[in-house]
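What follows is a set of notes on a single structure, which appears directly below.
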Amino acid sequence: MEVILRFFHRREEQALLSRERLVRSLVFCFALTLMASSTSLLRLSQFGNDPFSCMNLGFSLVSGLSFGTCLSIFNVFALVLLFFFGRRYISIGTWIYLFGLGPMADLSYNLLAPGLTVGADDLIGRSLLLSFGILISTFGVALYMCSAIGMGPYDAISWIVEDRTKGRVPFRYARIALDSTAVIIGFVFGSIVGLGTLIMACGTGPLISFHSRHFVRPILQYLLKSK
């Protein structure tokens, strides 16, 4: 009888773990959808994007490829780095990010651009797009982080630098250097670098923490506990 009870207990634990992975994966996918949509809003605001998007928008301008395609290509190259130098950072979230973010970014832009494109002199419209883009982005990033099923290749690069330097270059400084390099590349290739870029690079931390503490974690705990 004890063996039978242990068997069913183990099966129940496995079912709960599978359900938790499914919930976290769905939350991660929703987070990517929000992040892709926010990128489109920031593009339409003409105030500049986050450093990673700024760089890939530059690649898009010089290559003629879509922004989403450039995102995917860069992530593939970054994934190769992970295979050689940081394989432990590759997880289910990495693959979802790799195959999901680029197509979502292109789809969201194609859906939003026809109705939300504003003129360069429409500062009110551009400011609203910037504000909504930042709000949606920070909520999406909070979901992305709290889902805890992995990270995208770009985000993993800074952790690899910290590992490879044995902590002599902490994640924080590695990320600053990486983002700065991305912005420079984007600017050289013709991408817009402006107020949006500055805010997304330096000023979103408090909003992400606010979303995580007051919304994302309680929602995630509710979803994981619900039967």
Side-chain angles (χ1 to χ4, degrees), residues 21 24-25 27-29 31-32 34-36 38-39 48-60 62-63 65 67-105 137-138 140-189 191 193 196-209 211-212 216-217:
R21 282 194 292 268
R24 291 185 181 277
S25 297
V27 169
F28 191 90
C29 290
L32 289 189
L34 293 179
M35 291 162 64
S38 69
T39 299
N49 276 81
D50 62 276
F52 181 50
S53 298
C54 176
M55 176 179 65
N56 282 287
L57 282 168
F59 290 154
S60 176
V62 298
S63 68
L65 299 172
F67 169 64
T69 301
C70 290
L71 278 177
S72 298
I73 291 173
F74 180 89
N75 280 324
V76 168
F77 281 112
L79 184 65
V80 173
L81 290 178
L82 264 64
F83 268 115
F84 285 103
F85 303 110
R87 193 169 297 181
R88 69 190 183 93
Y89 292 110
I90 299 175
S91 64
I92 184 173
T94 309
W95 297 105
I96 296 174
Y97 188 101
L98 178 65
F99 292 109
L101 186 62
M104 288 179 187
S137 175
T138 50
V141 170
L143 283 172
Y144 166 78
M145 294 170 61
C146 291
S147 64
I149 62 166
M151 65 184 79
Y154 180 82
D155 295 318
I157 291 174
S158 300
W159 290 111
I160 293 174
V161 172
E162 181 178 82
D163 290 346
R164 288 288 163 172
T165 61
K166 302 187 184 303
R168 289 190 294 273
V169 181
F171 170 84
R172 178 182 179 183
Y173 297 118
R175 184 57 185 250
I176 290 173
L178 180 63
D179 283 347
S180 299
T181 302
V183 170
I184 292 171
I185 293 172
F187 178 76
V188 169
F189 287 162
S191 186
V193 177
T197 311
L198 179 63
I199 294 174
M200 293 300 294
C202 308
T204 57
L207 261 179
I208 294 171
S209 297
H211 289 315
S212 298
V216 174
R217 287 173 186 159

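No experiment lies behind these values; they were computed from the predicted model shown.
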With sequence neighbours excluded, residues passing side-chain contact (heavy atoms from CB on, under 4.5 Å) with [X]:
| X | value |
| --- | --- |
| Ala201 | Pro51 |
| Ser191 | Cys54, Leu57 |
| Phe83 | Leu79, Arg87, Ile90, Trp95 |
| Ile92 | Ser25, Ile96, Ile149 |

Pairs where residues 69-86 contributes a residue and the test salt bridge (charged side-chain N to carboxylate O under 4.0 Å, His left out) is met, not counting sequence neighbours: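 Salt bridge (charged side-chain N to carboxylate O under 4.0 Å, His left out) check on residues 69-86 returns no pairs.
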
Salt bridge (charged side-chain N to carboxylate O under 4.0 Å, His left out) partners of residues 156-172, not counting sequence neighbours, each pair once: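 Sorted result for residues 156-172: Arg88-Asp163.
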
Counterpart residues, side-chain hydrogen bond (donor to acceptor under 3.5 Å, both in side chains), relative to Tyr97 (two or more places apart):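 Residues passing side-chain hydrogen bond (donor to acceptor under 3.5 Å, both in side chains) with Tyr97: none at all.
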
Can you list everything that forms a side-chain hydrogen bond (donor to acceptor under 3.5 Å, both in side chains) with Thr39? Sequence neighbours excluded, please.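 side-chain hydrogen bond (donor to acceptor under 3.5 Å, both in side chains) check on Thr39 returns nothing, list empty.
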
How would you list, by chain and number, every residue that makes a ring pair (Phe, Tyr, Trp, His ring centres under 6.0 Å) with Phe85, sequence neighbours excluded?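 Expected list: none.
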
With sequence neighbours left out, what residues match Phe52 under ring pair (Phe, Tyr, Trp, His ring centres under 6.0 Å)?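 Listed in chain order: Phe74, Tyr154.
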
For Met35 and Leu32, run side chain to side chain contact (heavy atoms under 4.5 Å, CB included): C-alpha distance rounded to whole Å, both residues' side-chain angles, the deciding distance at 0.1 Å, then the answer. CA-CA 5 Å; Met35 291 162 64; Leu32 289 189; 4.2 Å; yes

With Arg24, which residues qualify under salt bridge (Lys or Arg N to Asp or Glu O under 4.0 Å), at least two apart?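 Scan of Arg24 (salt bridge (Lys or Arg N to Asp or Glu O under 4.0 Å), adjacent residues dropped) gives Glu20.
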
Tell me which pairs pass side-chain hydrogen bond (donor to acceptor under 3.5 Å, both in side chains) where either residue lies in residues 196-206, with sequence neighbours left out.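 Those involving residues 196-206 do not exist here.
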
